[in-house]
Amino acid sequence: LSAVFRSGMVTIVGRPNVGKSTLLNRLVGRKVAITSDKPQTTRNRITGVLNRPSSQMVFIDTPGIHRPYDRLGQYMVSAALAALEEVEAIVFVVEAQLPPGPGDRYVAGRLKKSGTRVILVANKADLCPGETVRANVELYRRLGEFASVTAVSAACDEGFELLLRTLESILPEGPRYYPEGMITDQPEAFVIAELVREKVLALTRDEVPHSVAVVVQEMRAGGRLGHGVEQMERTMAEAEADAARRLEAKSLPDAAGSVEARLLPDAVRRGGRRPPRDDAGEEKAPLLYVRAVVYVERASQRGILVGAGGAMLRAVGEGARREIEALLGARVYLDLWVKVEKDWRDRAGLLRALGYAGPPTERDGG
Ligand SMILES: Nc1nc2c(ncn2[C@@H]2O[C@H](COP(=O)(O)OP(=O)(O)OP(=O)(O)O)[C@@H](O)[C@H]2O)c(=O)[nH]1
Ligand SMILES: [Mg+2]
């Protein structure tokens with residue numbers, strides 16, 4: 001028998017917080033999507049590619065399907081539903097420790113309409129005894145016709161080889177759509193913004209996580225492209241002095257109402273990782289200057305996000321910087337700013353600017 005190479009797209013759907021993104025990261029074997037214990041963490045479609053000797057699976061993680069209460073929610077749900085079209089298979093994720101709820105039934109109904117093969121994955125099986133898992137899985141089974149049904153725990157590393165083999169067997173014969181080294185098609189700036197947002201999600205609660213959007217406005221290389229590291233560090237010293245001046249002038253009303261607060265970055269001073277040495281034993285790791293803006297919806301949220309003496313923003317920045325440095329293999333100077341954009345979640349122009357845009361006439365057809 002000659003080996004057949006299989007490939008195709010597999011969409012991961014479900015209601016919010018069931019563990020879709022955790023599952024994506026587990027299936028791909030790398031952190032491609034951010035995760036959190038807050039519902040509605042994922043806001044865009046996130047692609048993650050898994051290359052195996054006999055297949056390439058292109059997973060599409062989606063925002064949790066929910067009843068939207070603002071334009072951002074509408075965008076998220078329509079992005080998720082659109083990802084059900086023209087894919088080879090769908091992974092329907094539910095929570096094994098709970099019986100089906102209205103949200104699961106709604107998603108199951110949409111899946112029936114899609115006409116695509118669906119694999120039911122009951123996640124978080126670690127949270128309850130096996131008999132509870134089995135009883136709940138029986139209830140989920142009745143929600144539709146499933147090509148296969150599996151209980152897993154995305155938080156642990158179990159049961160995935162079987163799931164991958166099942167998926168592989170469903171995919172048609174086909175080419176590699178993505179080059180082998182590529183695990184996601186998200187631009188670097190998007191990944192960085194998401195890592196910042198993940199730290200905000202982890203450290204804040206109530207309405208703050210939902211009111212936050214992050215945009216990377218500038219990425220400038222030092223050392224490698226154009227600027228020497230020394231020049232870069234000088235530029236940063238100037239930026240810091242500038243920031244200090246702004247903070248001093250903070251009591252003055254900001255006429256533009258835009259730049260509200262800023263973290264005094266310490267990335268360079270403290271250094272993320274020790275710079276590796278090259279053959280000459282001289283060269284430092286490349287240095288990257290990243291300016292990101294954290295948008296919130298009201299001044300009170302800005303206060304929470306900056307925190308006493310800037311402590312919250314510093315914690316967000318340090319957590320994000322560490323991951324960004326590991327991801328890029330560079331020293332990173334993360335310059336975080338916080339801006340208030342009142343009710344941005346319901347303002348079409350701002351949604352577009354923040355990367356949450358779809359066709360303006362798009363409606364949930366349900
Ligand atoms: N105990 C346990 N927790 C899990 C498991 N999988 C995910 N979680 C947790 O569940 C929470 C939600 O995980 P996410 O992967 O962000 O969920 P999601 O479905 O992508 O959520 P949205 O993007 O908001 O739709 C996080 O706190 C995860 O750590 C699991 O197998 N077991
Ligand atoms: Mg998610």
Side-chain angles (χ1 to χ4, degrees), residues 10-48 59-70 72-84 90-98 100-101 103-104 106-108 110-111 119-130 132-133 136-137 140 150-160 162-163 184 186 190-191 193-195 197-205 207-214 319 345 355-356:
V10 179
T11 293
I12 304 174
V13 287
R15 62 175 173 73
N17 208 43
V18 293
K20 298 178 293 299
S21 302
T22 309
L23 180 68
L24 171 78
N25 293 342
R26 182 63 73 189
L27 291 173
V28 173
R30 291 267 293 273
K31 178 167 169 179
V32 178
I34 63 164
T35 66
S36 90
D37 58 358
K38 318 285 191 301
Q40 281 130 44
T41 293
T42 305
R43 291 177 176 165
N44 309 81
R45 272 167 281 187
I46 309 281
T47 303
F59 293 102
I60 304 169
D61 181 24
T62 59
I65 294 176
H66 63 285
R67 192 190 297 277
Y69 32 73
D70 52 37
L72 172 65
Q74 284 168 10
Y75 165 76
M76 287 162 57
V77 173
S78 62
L81 294 176
L84 300 176
I90 292 168
V91 170
F92 175 27
V93 185
V94 299
E95 283 180 306
Q97 85 280 20
L98 296 171
D104 302 301
Y106 178 79
V107 176
R110 301 297 301 225
L111 297 184
I119 291 178
L120 177 70
V121 172
N123 187 35
K124 307 195 186 183
D126 57 292
L127 288 182
C128 64
T132 313
V133 171
N136 287 335
V137 164
Y140 282 109
T150 330
V152 301
S153 173
C156 317
D157 196 2
E158 264 172 43
F160 295 101
L162 190 65
L163 176 58
T184 186
Q186 313 306 314
F190 176 82
V191 174
E194 286 284 271
L195 288 172
R197 196 164 64 84
E198 184 180 55
K199 303 312 159 208
V200 174
L201 290 175
L203 295 170
T204 62
R205 56 207 173 83
E207 266 305 284
V208 179
H210 299 295
S211 298
V212 163
V214 182
R345 281 186 285 172
Y356 306 122

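Residues: numbered from 1 along the sequence shown. In each ligand, atom 1 is the first atom listed, and ligand 1 is the first ligand listed. Please read these numbers as outputs of a predicted model, since none were measured by experiment.
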A.B. asks: Decide yes or no on side chain to side chain contact (heavy atoms under 4.5 Å, CB included) for I65 and R110, but give the supporting numbers first.
C.D. replies: CA-CA 10 Å; I65 294 176; R110 301 297 301 225; 5.6 Å; no

A.B. asks: Taking all non-hydrogen atoms of both residues, which atom of V32 and which atom of G48 are closest, and how far apart?
C.D. replies: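 Nearest heavy atoms, V32 then G48: CG1-CA, 4.3 Å.
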
A.B. asks: At what distance, to the nearest 0.5 angstrom, does CG of L24 lie from CD1 of I60?
C.D. replies: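 Going from CG on L24 over to CD1 on I60, the span is 10.0 Å.
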
A.B. asks: So which heavy atom on Y75 is nearest to which on R43, and how close?
C.D. replies: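 Distance-wise, the nearest heavy atoms are CE2-O, 3.3 Å.
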
A.B. asks: Sequence neighbours excluded, which residues qualify as side-chain hydrogen bond (donor to acceptor under 3.5 Å, both in side chains) partners of T42?
C.D. replies: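 side-chain hydrogen bond (donor to acceptor under 3.5 Å, both in side chains) check on T42 returns S21.
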
A.B. asks: So what's near the Mg ion (ligand 2), protein N, O or S atoms under 2.8 Å?
C.D. replies: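 You should have found S21 OG, T42 OG1.
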
A.B. asks: Exactly which residues line ligand 1, taking a heavy atom under 4.0 Å from it as the test?
C.D. replies: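 These residues qualify: P16, N17, V18, G19, K20, S21, T22, T35, S36, D37, K38, P39, Q40, T41, T42, G64, N123, K124, D126, L127, S153, A154, A155.
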
A.B. asks: Determine the minimum heavy-atom distance between C128 and V133, stating which atoms define it.
C.D. replies: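 Reported closest heavy-atom pair: SG-CG2, 3.6 Å.
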
A.B. asks: Run the side chain to side chain contact (heavy atoms under 4.5 Å, CB included) test on V94 and V18 for me, step by step, so that the C-alpha distance in whole Å, both residues' side-chain angles and the decisive distance to 0.1 Å come before the verdict.
C.D. replies: CA-CA 6 Å; V94 299; V18 293; 5.6 Å; no

A.B. asks: Listing request: all salt bridge (Lys or Arg N to Asp or Glu O under 4.0 Å) pairs with a residue in residues 10-24, at least two apart in sequence or in separate chains.
C.D. replies: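 Listed by first then second residue: R15-E95, R15-D104.
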
A.B. asks: Minimum heavy-atom separation for S153 and D126, please, with both atom names.
C.D. replies: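 Shortest heavy-atom separation between S153 and D126 comes out as OG-OD1, 2.7 Å.
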
